[in-house]
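The next block holds one structure in the form of structure tokens; read it before the comments.
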Amino acid sequence: MEKLIINGGDRLKGDVTVSGAKNAALPVVAAALMANGESMLEDIPGLRDVFCMMEILGAMGASVSFQDNVLTVNPNGSEFAEPPYNRVSKLRASYYLMGVLLARQRYARIAMPGGCAIGNRPIDLHLKGFKALGAETSIDHGVVELKASRLSGAKIYLDYPSVGATINIMLAATLASGLTTIENAAREPEIIDLANYLTVMGARIKGVGTDVIKIEGVQELVPAQHRIIPDRIESGSYMIAAAATRGDVYVRNSLSEHLKSLVAKLKEMGVIIQEDIEGVRVTAPNGIRAVDIKTLPHPGFPTDLQPQMMALLTQVDEGTSMVIETVFENRFMHIDELKRMGANISLDGRGALIKPSPLSGARVSASDLRAGVALIIAGLVADGETEIENAYHVERGYEKIELKLKDIGADLKVV
Ligand code: EPZ
């Protein structure tokens, strides 16, 4: 998908179903390499990032197959070669293989993950954890090399509750000897989902979802079956789009307990959220008001919904909103694109002030997958036609997004 063309003005109406969570699937697929045998993973979303991870595993000698959102992975062997550079450099989440390979073969050599549009994305906390477990780490010519004669449990304090570092250290600690404690750990639902899979494989993990995670190392992990949780960011993106277009959308397979901060904010704005066992219904019959947003680690407001929320805030009926981004240092690239469509946003440092204004269609460019969806939401409410370039970013995190949006009344086409 190179370009998305949207004709704005339609209210979204109908029923959209959320796919499995990208950010749970990626670490779970990598972790399957730690079992001796075939794991079966269900509700895996058919996304570019997932296919990229599959290609990496295949290139390393594992057998992988994907059919109807079910992914089977069999490591097939003991020693894994270095993951191929050309694929690793395309998928940041391939760095989970550091924890997996260190745990499984006490050695890992993998290209450094690149930075990206939203920030330089260091991995210092990951390496701090691996060193604490007994690994020697070196970075040479953009390649990280980790080796350990043995891995022993340790107490690790994370200076920042990094999702990636929490996951990578947890992966390595499952096959270390002794107890590992991760303090100031990240609490995202995707980490809980990974821990549930690892536990069925035989890992001993306590406290996931709190800021202290304890892992008692075990000798080996066995294959397991696991169903991935629904994608809370995809779910939130459709909820925000429904509110922005003043529509009436049922977001199926949406776990509102994973979206407490978004639901609270939308209700604060006057959006009506009706929850039932299957999902949530989103309407805004009484209009919507401005609100302030500050992104924080879970359970705070998710940074991955900040761009989408900003598009909504340009469409409130009254009031000025303030958005503060505390997680990434450069996650405001969508502001310039929204301003090209007529948005009234002023930026000072990490804070953005948004006043309501009508939007008109324009040619805009997506800088990353979440900014891309923010531009889609803006295009849905804008007057006229919006052309979104670099729309391929969106395919990385939103399964069948053009079909799902068309099914609820969006007038868009893929070029
Ligand atoms: C995960 O990235 C997600 N990616 C991101 O989603 C998400 O925005 C982020 O968590 C925060 O929720 C995946 O799960 C694949 P972090 P991650 O480590 O693990 C700093 C999307 O749109 N930091 O919690 O990289 C870092 O620079 C993506 O799906 C260090 O300083 O996030 C950042 O400022 C975008 N040193 C902050 O922590 C480290 O060693 C949060 O990063 C690691 C991180």
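Indexing begins at 1, ligand by ligand and atom by atom, following the structure's order. Here, residue 1 is the first one in the sequence, and each next residue gets the next number. Bear in mind the structure is a predicted one, so any value in this text is a computation, not a measurement.
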Requested in this report: Assess the side chains of Tyr107 and Glu79: does a donor N or O sit below 3.5 Å from an acceptor N or O?
Outcome: no
Query raised in the report: Does any donor atom in the side chain of Ser235 or Ser254 lie under 3.5 Å from an acceptor atom in the other side chain?
Result: yes
SB check [X] [Y] (cutoff 4.0 Å):
X: Asp368; Y: Arg396; value: no
X: Arg227; Y: Asp193; value: no
X: Arg363; Y: Glu387; value: yes

Would you tabulate the side-chain donor-acceptor contacts of residues 398-415 under 3.5 Å, counting partners in other chains and residues two or more places apart, or write 'none'?
| residue | atom | partner | partner atom | Å |
| --- | --- | --- | --- | --- |
| Tyr398 | OH | Ser237 | OG | 2.8 |
| Tyr398 | OH | Gln308 | NE2 | 3.3 |
| Tyr398 | OH | Arg370 | NH1 | 2.9 |
| Glu399 | OE1 | Ser19 | OG | 2.6 |
| Glu399 | OE2 | Gly46 | N | 2.7 |
| Glu399 | OE2 | Asn69 | ND2 | 3.0 |
| Lys404 | NZ | Thr17 | O | 2.9 |
| Lys404 | NZ | Ser19 | OG | 2.8 |
| Lys404 | NZ | Glu234 | OE2 | 2.6 |

Are any protein N/O atoms closer than 3.5 Å to the N/O atoms of ligand 1? If there are, list each pair with names and the distance to one decimal place.
| residue | atom | partner | partner atom | Å |
| --- | --- | --- | --- | --- |
| ligand 1 | 2 (O) | Arg121 | NH2 | 3.4 |
| ligand 1 | 6 (O) | Asn23 | ND2 | 3.4 |
| ligand 1 | 6 (O) | Asp304 | OD2 | 3.0 |
| ligand 1 | 8 (O) | Asp304 | OD1 | 2.6 |
| ligand 1 | 8 (O) | Asp304 | OD2 | 3.4 |
| ligand 1 | 14 (O) | Asn23 | ND2 | 3.4 |
| ligand 1 | 18 (O) | Ser162 | OG | 2.7 |
| ligand 1 | 19 (O) | Tyr95 | OH | 3.3 |
| ligand 1 | 19 (O) | Gly164 | N | 2.8 |
| ligand 1 | 22 (O) | Arg370 | NE | 2.8 |
| ligand 1 | 24 (O) | Val163 | N | 2.8 |
| ligand 1 | 25 (O) | Arg92 | NH2 | 3.3 |
| ligand 1 | 25 (O) | Tyr95 | OH | 3.3 |
| ligand 1 | 25 (O) | Arg121 | NH2 | 3.0 |
| ligand 1 | 29 (O) | Lys22 | NZ | 2.9 |
| ligand 1 | 29 (O) | Asn23 | ND2 | 3.1 |
| ligand 1 | 29 (O) | Arg370 | NH2 | 2.9 |
| ligand 1 | 34 (O) | Val327 | O | 2.6 |
| ligand 1 | 36 (N) | Asp124 | OD1 | 2.7 |
| ligand 1 | 40 (O) | Pro122 | O | 3.4 |
| ligand 1 | 40 (O) | Asp124 | N | 3.2 |
| ligand 1 | 40 (O) | Asp124 | OD1 | 3.3 |
| ligand 1 | 40 (O) | Leu125 | N | 2.8 |

